Chemist: 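Input: one structure, supplied below.
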Amino acid sequence: MFRWLMRDRRAFIRSLLTMPAAGAVAASELNAASKKKLFHSARDVIGELGVRTFLNAAGTYTRLTASKMPPEVQSAMQGASTRYVNLDELHAKAGDRIARLLDADAALVTAGCASALTLATAACIAGDDEDRIKLLPDTTGMKNEVVLQAAHRNSYDHAIRNAGVRLVEVETARELEAAINDRTAMLFFLNHAENDGQIGHQEFVEIGKKHGVPTLNDAAADVPPADNLFRFQRMGYDLVAFSGGKGLRGPQSAGLLVGRRDLIEAARLNNSPNSDSVGRSNKVNKEEVVGMLVALELFLDQDHDQAWKEWTRRCMRIERSVSSLPGVATETFVPEIANAVPHLRIRWNFSQSQLTAKAAAELLRDGNPSIEVRPNYDEGLEIAVWMLDPGDERVVARRIHGVLSAAINASA
Ligand SMILES: *Cc1c(COP(=O)(O)O)cnc(C)c1O
């Protein structure tokens, strides 16, 4: 019965989607409504545990569970969960399908982008050599240095170090070339730090090619724009890593490693289900593999202009509700790299008001419904709208209006 309902619903949504203007919003509202009906008998374990839930006006933060999977992804995962398969075969075939979708040589579904970084590094140092794979993270007799720009150090490079390598920091292209030696396994680039270092993509990739050292770009949170799924491979990176559960809205515990076939195959050998491998603690089961593939298909099929318009509309909806308050100013902004979608920033300047952006965020968190905003309070209260369910922007608008008008009244 479940399958029939899904099929009818899809057909209905398809017919809706072909109607002009009704578009994405109506379809997703319908999704939400029919999902409720389909899962009406499911246990609310989160509620049973008394765990707080909230409207996500923060964005794709892992600690806040980042994104919600579309119903099509959820049902594909549920379907996969009812069958047994050989995991290596599924990985290989799903990887090939993903590679075709992304115009790539090869691809692998990983346990998040962080895992993709570990596996990429392991592939560059141990390759497909069984003894080396077993030895990691002990790199005796192997290349064990990864070179990166100092400005590209970040908390996730721990995932690179997990493979057993030492990070070597450089600042200029000249230093980069000088740092490369016969222990150099890989060159690492942090995509969102592109404007923070002195070496840009093109020069970085060229130096890697010139010295025969593989290059890896961590573009975890840099989709959308959709073209980023293709652009870095076209530039010549040997490997590119993405989060599956951020803008792609796949499973939270999935990611993608895309690139050169020999390195992707080596990454697979360094991964679960191979017990004696550095990646064995990064298990990816059939549900994540299937969910990742379907999420990617949906994302590539999406009308990105329409999504952008919808996010802008949500920002404007919140803006309209608060901008008439005295002393309140708003602006929409788009982060240049990473989470590059419309956000709203709200600032205020009431006489005598002690309300800081952080205090406002706490009031929003403690109220009903609870709301999480971007944990970045230096320039005001920052609202992400792209991870909200359709219609939630009205609730967010009302609550922010309430918090700010209370502060205005208190300071009057
Ligand atoms: C989020 C993020 C990661 C980790 O991604 P997961 O999919 O959560 O493992 C790695 N690198 C950067 C730059 C990120 O933003």
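None of the values given here were measured: they were computed from a predicted structure. Quick note: numbers below take in every heavy atom, side chains included, and nothing from hydrogens, waters or symmetry partners. Numbering of ligands and ligand atoms starts at 1, following listing order.
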Chemist: Should you measure from each heavy atom of G112, which atoms of ligand 1 turn up under 4.0 Å away?
Modeler: 7 (O), 9 (O)
Chemist: Is D218 close to ligand 1, meaning an N/O of one under 3.5 Å from an N/O of the other?
Modeler: yes
Chemist: Tell me the closest heavy-atom pair linking M69 and G250, and the distance in Å.
Modeler: CG-O, 3.5 Å
Chemist: Name the closest protein heavy atom to atom 10 (C) of ligand 1, giving the residue it belongs to and the distance to 0.1 Å.
Modeler: Y156 CG, 3.3 Å
Chemist: Name the closest protein heavy atom to atom 5 (O) of ligand 1, giving the residue it belongs to and the distance to 0.1 Å.
Modeler: S243 OG, 2.9 Å
Chemist: When only distance counts, is S115 in polar contact with ligand 1, meaning an N/O pair under 3.5 Å?
Modeler: no
Chemist: Do the numbers put K68 on top of the ring of F54, so that NZ or CZ is under 6.0 Å from the six-membered ring centre and no more than 45° off the axis?
Modeler: no
Chemist: Identify, by atom number and element, the atoms of ligand 1 in contact range of T62, meaning under 4.0 Å from any of its heavy atoms.
Modeler: 8 (O)
Chemist: Looking only at distances, can you tell me whether any N or O atom of A114, backbone or side chain, sits closer than 3.5 Å to an N or O atom of ligand 1?
Modeler: yes
Chemist: Determine, for E310 against R313, whether the closest basic-nitrogen to carboxylate-oxygen distance falls under 4.0 angstrom.
Modeler: yes
Chemist: Answer yes or no: does an N/O atom from L190 fall short of 3.5 Å to an N/O atom of ligand 1?
Modeler: no
Chemist: Below the 3.5 angstrom mark, is there an N/O of N154, backbone or side chain, next to an N/O of ligand 1?
Modeler: no
Chemist: If you take all heavy atoms of L108 and A267, which pair is closest and at what distance?
Modeler: CD2-CB, 4.0 Å
Chemist: Among side-chain atoms of S272 and N282, is any donor-acceptor pair under 3.5 angstrom?
Modeler: no
Chemist: Assign the ring pair F232 / H201 to parallel, tilted or perpendicular, where the plane angle (0 to 90°) is split at 30° and 60°.
Modeler: tilted
Chemist: Please write down residue, atom name and distance for the protein heavy atom closest to atom 15 (O) of ligand 1.
Modeler: K246 NZ, 2.9 Å
Chemist: Within the 3.5 Å criterion, strictly below it, is a donor on N228 or D222 matched to an acceptor on the partner's side chain?
Modeler: no
